[in-house]
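Values reported hereafter were calculated over all heavy atoms of this structure, with side chains retained and with hydrogens, waters and symmetry mates removed. Whatever order the structure lists them in is the order used to number ligands and atoms, beginning at 1.
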Amino acid sequence: MNKSLVPQPRVGEGREGTVTLTSPVRVHYDDQFANVVDVFEADLLASVGWEVLRVASHETCDIRLHYDATRPEEHYTLNVADQIDIAASSDAGFAYAFTTLRQLGPAQLWSAQRTTLGSWILDGVSIVDGPTFVWRGVHLDVSRHFFDVETVLRLIDLLAAHRLNRLQLHLNDDQGWRIEVPAWPRLTTVGAMRSGSPVGHELDDRRDEVPHGGFYSADDIAVIVEHARRRHIVVVPEIDLPGHAQAVLAGYPEFGNGHEHVDVWTHWGISEHILNVEPATLAFAEDVVRYVARLFPGSPVHIGGDECPTTEWEASPGACAVMAQYGFEHVSQLQGLYTQRLAAALVAEGHEVLAWDEVLDTDVAPGTTICAWRSEQKGVEAAERGLDVVMAPMQYLYLDWLSSDAPEEPVAVAPVPYVTTWEKVYGFEVIPDDLDPTLTHRIRGAQVQLWTEYIDSVARLDYMAFPRLSAFSEVVWGTAGDVEQFRPRLEQHLARLDAMDVSYRPLDPTK
Ligand code: ACM
């Protein structure tokens with residue numbers, strides 16, 4: 001068996017047989033799985049110019065799809081003998097089988113540019129596969145640096161190549177609002193553009209005067225959501241309030257605590273300017289979140305909730321009056337008003353709700369899934385409180401951290417010793433060691449984070465994401481083992497990343 005599959009399937013063994021494919025590839029399938037075969041054909045066409053021919057069940061074929069209700073969702077079997085047989089119970093299962101099948105072929109099957117390929121010879125193999133975790137996520141911050149639709153679609157393809165299935169888009173922050181909301185036009189006419197950005201590290205305190213901005217229209221979002229849906233990736237929008245709100249306040253100062261004018265922030269860090277807790281402001285937040293959620297039908301929605309400094313609330317007579325009204329003892333409880341209100345609005349429309357782990361500091365609506373980012377312990381705490389968890393601890397899964405301690409690494413959010421090598425990502429255990437075994441069902445999976453203060457181009461995005469994201473895909477698929485056994489597979493996988501034009505960080509840059 002070809003040993004370079006990433007993520008590694010659960011069970012795979014060589015067997016008798018060889019199949020030689022040429023164009024057109026003859027495939028037998030039921031109508032209900034047409035989407036999967038269409039995507040496979042589009043991928044073949046784009047990479048090697050091959051076509052797919054649909055054949056009837058009695059005709060000779062190269063690939064036969066079998067519906068098998070006994071296979072769990074997202075699982076598949078793939079057998080290569082005298083033909084290729086794939087069995088699954090869902091679109092996703094079939095799609096993952098095709099992804100594995102392409103990995104069994106030459107790297108040029110992944111080529112971003114059209115190449116030519118005469119034939120593709122597959123050795124006999126028998127694979128039984130499926131993921132351990134249902135949430136296999138990647139988060140992308142499009143606020144600190146905006147990435148256009150084309151780049152997001154490319155990232156979706158890269159997720160699909162690794163059998164990852166969630167893309168969280170961080171759509172707003174102090175430095176930019178990135179989604180058009182017709183009822184609140186100043187979010188984008190004002191909030192989507194900043195006048196400059198830090199040069200080098202924020203602590204160097206140097207700024208350029210190059211305007212930076214951009215935002216997605218409803219049509220852009222529809223394109224992203226559909227592209228992802230066809231590849232079995234759910235796009236999760238994140239609207240992060242009541243902190244991280246300076247770009248909102250640039251457009252709507254009346255929602256701030258002092259009502260004074262502020263600009264879209266040109267610093268990295270956490271702005272002190274947050275939303276006030278007046279009824280009109282809560283209603284605004286609810287309206288915006290509800291509108292954004294509707295652009296992502298059926299998707300979970302992330303309501304942020306992290307890093308909300310309370311100095312403005314402490315100094316605000318209005319906020320103090322609200323505290324008295326609710327009998328709050330701690331000013332941080334005011335954040336709970338947002339969390340509960342936004343969660344209720346989303347749940348009423350059938351959305352699942354996620355939030356960063358700071359929301360554990362006050363009351364959390366039951367059913368909220370916690371993204372544990374500050375530590376693994378936060379995931380344990382959430383599970384113990386009866387909440388589901390997506391593990392995202394920064395110490396392992398923040399891909400904006402340095403890839404090594406070498407001085408040649410590009411400037412990153414934090415200095416050495418805040419380093420996350422690909423080996424460290426690969427060693428991450430999704431289920432925390434000290435979690436009570438009766439609570440493991442609370443851990444839905446894990447997610448890597450791509451915060452983009454220091455990621456200002458597609459090339460830098462590639463460098464920070466890969467190959468760490470490839471290592472992560474195997475961790476969250478649930479088949480990661482010994483790192484020395486993974487290394488040669490990862491080395492071979494780089495040929496696929498090359499074919500996809502990914503400017504990844506070399507495994508050993510000194511070579
Ligand atoms: C975060 O990194 N502030 C979730």
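Counting only residues at least two apart or on different chains, the ring pair (Phe, Tyr, Trp, His ring centres under 6.0 Å) pairs with a member in residues 147-180 are His139-His170, His162-Phe466, His162-His493, His170-Trp451. Applying the salt bridge (charged side-chain N to carboxylate O under 4.0 Å, His left out) test to pairs two or more places apart or on separate chains, those with a residue in residues 386-402 are Asp388-Arg442.
For the side chain to side chain donor-acceptor pair (under 3.5 Å) test, no residue two or more places apart in sequence or in another chain qualifies with Trp265.
Taking a heavy-atom cut-off of under 4.0 Å, ligand 1 is surrounded by Asp306, Glu307, Trp356, Trp373, Tyr398, Trp451.
None of Glu74, Arg231, His232 except one satisfies the side chain to side chain donor-acceptor pair (under 3.5 Å) rule with Asn165; the exception is Glu74.
In summary, Asp173 and Arg194 do not engage in a salt bridge, as defined by a charged side-chain N under 4.0 Å from a carboxylate O.
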Between Met391 and Glu376, is the side-chain contact (heavy atoms from CB on, under 4.5 Å) condition met? List the steps. CA-CA 7 Å; Met391 296 299 290; Glu376 291 170 277; 4.0 Å; yes
